[in-house]
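Here's the structure, in structure tokens; my notes come after.
None of these values were measured; they are calculated from a predicted model. Quick note on labels: first sequence line is chain A, next is B, and so on, each numbered from 1.
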Protein chains: 2
Amino acid sequence: MATIRDVARLAGVSVATVSRVINKTDSVNPETAGQVLKAIEQLQYEPNAVARGLAGKKMGIIALILPDILNPFFPALARGVEDVAHKKGLTVILGNSDDQGLKESSYIKVLKKKYVDGFIFASNTILEEDVEALRKEQIPIVLLDRGLNTASCAVIRSNNREGSKLAVKHLVEQGCQKIAHIYGPQEFITARERMLGYEEIAGRLREYSPSLMEQGNFDIESGQKAVEQLLVRHPDLDGIFAGNDLMAVGALKALHERGIPVPEQVKVCGFDGIGLTEITEPELTTIAQPVYEMGGLAAQILLDEIESGTRENKLIELDVTLIPRKSTHKEES
Amino acid sequence: MATIRDVARLAGVSVATVSRVINKTDSVNPETAGQVLKAIEQLQYEPNAVARGLAGKKMGIIALILPDILNPFFPALARGVEDVAHKKGLTVILGNSDDQGLKESSYIKVLKKKYVDGFIFASNTILEEDVEALRKEQIPIVLLDRGLNTASCAVIRSNNREGSKLAVKHLVEQGCQKIAHIYGPQEFITARERMLGYEEIAGRLREYSPSLMEQGNFDIESGQKAVEQLLVRHPDLDGIFAGNDLMAVGALKALHERGIPVPEQVKVCGFDGIGLTEITEPELTTIAQPVYEMGGLAAQILLDEIESGTRENKLIELDVTLIPRKSTHKEES
DNA sequence: TAAAATAATGTAACCGATTACAATATAACC
DNA sequence: GGTTATATTGTAATCGGTTACATTATTTTA
């Protein structure tokens with residue numbers, strides 16, 4: 001591998017000049033630049049990223065820390081981030097935090113030493129002090145799905161409350177009168193917002209009762225259990241809005257086990273828009289978040305901050321979309 | 001951030017001695033070491049990974065290049081790799097190649113400049129010349145699912161042929177007599193092996209015919225289409241072995257559309273063991289690959305090679321497991 | 001007991017870039 | 001025409017470690 005000194009020697013100039021040509025940081029005589037370019041070409045020279053990193057304290061790497069890539073919500077996010085980053089010549093480091101603040105801290109510690117350019121956290125557990133520390137060290141950071149009160153950096157999420165309202169309204173339109181809600185863990189702001197959206201619309205219904213809500217865990221099994229509980233209290237419920245798609249799948253399973261036909265007797269709607277929803281039987285109506293776009297946007301904002309050295313503490317809420325499918329289909333009568 | 005020179009100054013020794021204490025590369029007087037450790041503690045010193053990387057040509061990063069993290073097969077692989085890497089203090093860079101050799105080459109080019117310690121390719125498209133080039137530069141590399149004929153490095157895959165045989169035998173045991181196969185793109189060695197396994201067992205059946213095989217594309221839609229074709233030729237088929245789970249899901253969809261009951265009239269078996277198979281109706285029998293373990297093992301081998309500087313051109317085939325579920329269930333009579 | 005091996009430490013080059021500062025030549029200004 | 005601004009280039013320090021080589025003190029070996 002040729003170094004900048006090899007190029008300088010061959011072109012008959014100093015390394016500083018070569019560096020100037022490469023980075024266009026300073027004026028260089030066009031003729032000289034020509035020589036340098038020729039030498040670069042001839043030696044197939046490529047600047048060493050690590051040496052650059054050491055000098056500039058930036059390795060051209062962004063870190064994406066998410067709870068668990070196994071959760072079907074995150075691959076699309078990761079892909080969105082990676083596509084944007086790759087287009088700009090940056091690479092992406094992936095970390096799984098398992099929603100443990102400590103693991104996140106440990107990633108931060110390790111990656112700071114590697115001069116990562118910035119962080120994207122798709123997580124609810126990141127500690128405020130960690131955010132603050134990065135802020136102080138001027139390391140850009142973008143958060144996904146985090147509360148805005150604590151936000152001292154850019155935050156991206158989708159409009160969970162509106163999405164929730166969309167879902168419940170849709171169920172009502174399809175003829176549901178007694179709509180239950182399986183909500184996710186309340187430490188997640190997304191789960192709280194979705195619950196609020198549900199309450200806002202469902203609360204107006206004649207059949208509404210707080211006991212129509214049941215906690216789940218954002219996974220399939222908990223959705224299943226929640227429905228079992230709900231059916232004990234309300235055997236006559238005719239609609240279920242699950243706080244995410246996995247729990248909706250669980251709901252579908254539970255209903256199927258009990259022989260309750262979907263959508264004829266009970267209609268089910270999920271939230272997230274992950275791929276699973278297309279392969280259940282019946283296919284699952286859901287509120288789709290623009291997950292891929294969220295990832296792309298997060299990367300875009302991060303890259304902008306990295307490049308400009310500025311920080312924008314804005315909160316961006318992306319629109320969600322109702323995808324009506326068979327699980328909420330209304331029979332024509 | 002304190003540097004090694006700060007530590008040296010505070011401890012009253014040279015930087016070389018500090019380095020020796022940190023890396024335990026050379027004998028140091030215990031008393032001196034004590035001073036150094038105290039200084040390190042006091043200054044909260046952490047060695048800078050980039051400077052280390054520059055000097056040692058290793059950044060403590062491994063690259064995982066896979067076709068597409070959106071394909072549900074790969075998150076588990078990525079998680080397996082990351083868990084092992086993280087345990088050893090290494091970080092993982094993720095790249096999506098979309099099965100394009102050129103994109104892979106571009107990742108290699110970029111990442112070599114970043115002094116990545118090694119590569120894991122979960123891909124069929126990597127160019128032989130790229131492997132060879134890395135070999136020459138002593139950069140460790142592990143391949144997943146790649147042909148062994150060309151292998152000049154460690155290769156890990158699961159025993160596709162045996163898995164396939166397991167699947168077909170299982171269908172036979174469940175009473176199938178006319179078993180079709182949807183095979184994947186033949187440039188994938190996995191698809192070829194699975195087909196061979198199918199032929200070996202199914203070829204012995206009385207009802208066997210080569211026209212029971214139909215090409216698919218490893219995605220849901222192609223599975224659906226393949227079944228439609230197959231049903232035209234063989235309306236009486238009673239078993240389908242799909243080359244992967246996604247195509248099996250497609251098969252299920254096609255059968256469901258036609259009102260053909262599964263497993264009563266036709267039994268279906270997939271391959272891979274991804275999570276989707278648990279949420280279809282009926283749940284899908286599949287041949288599970290130990291995907292998470294494969295990732296972990298790949299990382300393990302890579303780390304060993306990185307540490308020892310050796311290369312082992314071994315081919316490892318991991319065992320697969322039949323997971324019988326409702327989609328191949330035999331009615332008791 | 002002299003010679004050879006081992007332990008402990010320091011000096012300084014090196015990894016391969018960036019960049020502050022200095023130096024020179026040329027162009028623009030009054 | 002002298003002075004100041006601008007363009008062009010080079011020198012050498014710097015980023016923050018690792019490590020080859022040299023030096024001195026202490027042990028082991030013959």
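With salt bridges taken as basic N to acidic carboxylate O contacts below 4.0 Å, one links A:Asp83 and A:Arg79. The pair B:Lys109-A:Glu46 counts as a salt bridge, with a side-chain nitrogen and a carboxylate oxygen less than 4.0 angstrom apart. A salt bridge links B:Arg135 with B:Glu132: the closest approach of a Lys/Arg side-chain nitrogen to an acidic carboxylate oxygen falls below 4.0 angstrom.
At a non-hydrogen distance threshold of 4.0 Å, nothing from residues 3-10 of chain A comes into contact with DNA chain D. Contacts with DNA chain D (heavy atom under 4.0 Å) in residues 44-62 of chain A: A:Leu54, A:Ala55, A:Lys57, listed by number.
Residue B:Ile22 contributes atom CD1, which lies 7 Å from atom P of D:dG17 at whole-angstrom precision. For A:Tyr115 and D:dG16, the OH to C1' distance is 7 Å, given to the nearest whole Å. Atom pair B:Lys113:NZ and C:dG16:C1' shows a separation of 14 Å (rounding to whole Å applied). Counting to the nearest Å, the P atom of D:dG16 and the CD1 atom of B:Ile40 are 16 Å from each other.
The bend of the helix from C:dT1-D:dA30 to C:dC30-D:dG1, defined by the angle between the axes of its first five and last five pairs, stands at 30° to the nearest 10°.
Phosphate contact (OP1/OP2 of D:dG17, side-chain N/O of B:Ser19, threshold under 4.0 Å): absent.
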Show every donor-acceptor pair shorter than 3.5 Å between a side-chain atom in residues 10-17 of chain B and any protein atom, with sequence neighbours excluded, or say none if there are none.
| unit_1 | atom_1 | unit_2 | atom_2 | d |
| --- | --- | --- | --- | --- |
| B:Ser14 | OG | B:Ala16 | N | 3.4 |
| B:Ser14 | OG | B:Thr17 | N | 3.4 |
| B:Ser14 | OG | B:Thr17 | OG1 | 3.4 |

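Residue pairs satisfying the salt bridge (charged side-chain N to carboxylate O under 4.0 Å, His left out) criterion with at least one member in residues 299-308 of chain A, sequence neighbours excluded, are absent.
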Scan nucleotides 5-9 of chain C against the protein and return all N/O pairs shorter than 3.5 Å with their distances rounded to 0.1 Å.
| unit_1 | atom_1 | unit_2 | atom_2 | d |
| --- | --- | --- | --- | --- |
| C:dA8 | OP2 | B:Ser27 | OG | 3.3 |
| C:dT9 | OP1 | B:Thr32 | OG1 | 2.3 |
| C:dT9 | OP2 | B:Asn29 | N | 2.6 |
| C:dT9 | OP2 | B:Thr32 | OG1 | 3.2 |

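Of the residues listed (B:Lys57, B:Lys112, B:Lys113), the one engaging B:Glu137 in a salt bridge (Lys or Arg N to Asp or Glu O under 4.0 Å) is B:Lys112, and it is the only one.
Counting heavy atoms from C-beta outward, A:Leu64 and A:Phe74 have side chains that stay 4.5 Å or more apart. At a threshold of 4.5 Å between non-hydrogen side-chain atoms, the residues A:Ser123 and A:Asp99 count as touching.
Checked against the 6.0 Å centroid threshold, B:Tyr107 and B:Phe119 do not count as a close aromatic pair.
For A:Asp68 (side chain) and A:Leu70 (main-chain N/O), a donor-acceptor pair under 3.5 Å exists by modelled atom type. Within the 3.5 Å criterion, the main-chain N or O of B:Phe73 finds a donor-acceptor partner in the side chain of B:Asn71.
For the residue pair A:Asn160 and A:Thr190, no side-chain donor N or O sits within less than 3.5 Å of a side-chain acceptor on the partner.
Going from atom CZ of A:Arg157 over to atom CD of A:Gln289 covers 11.0 Å, rounded to the nearest 0.5 Å.
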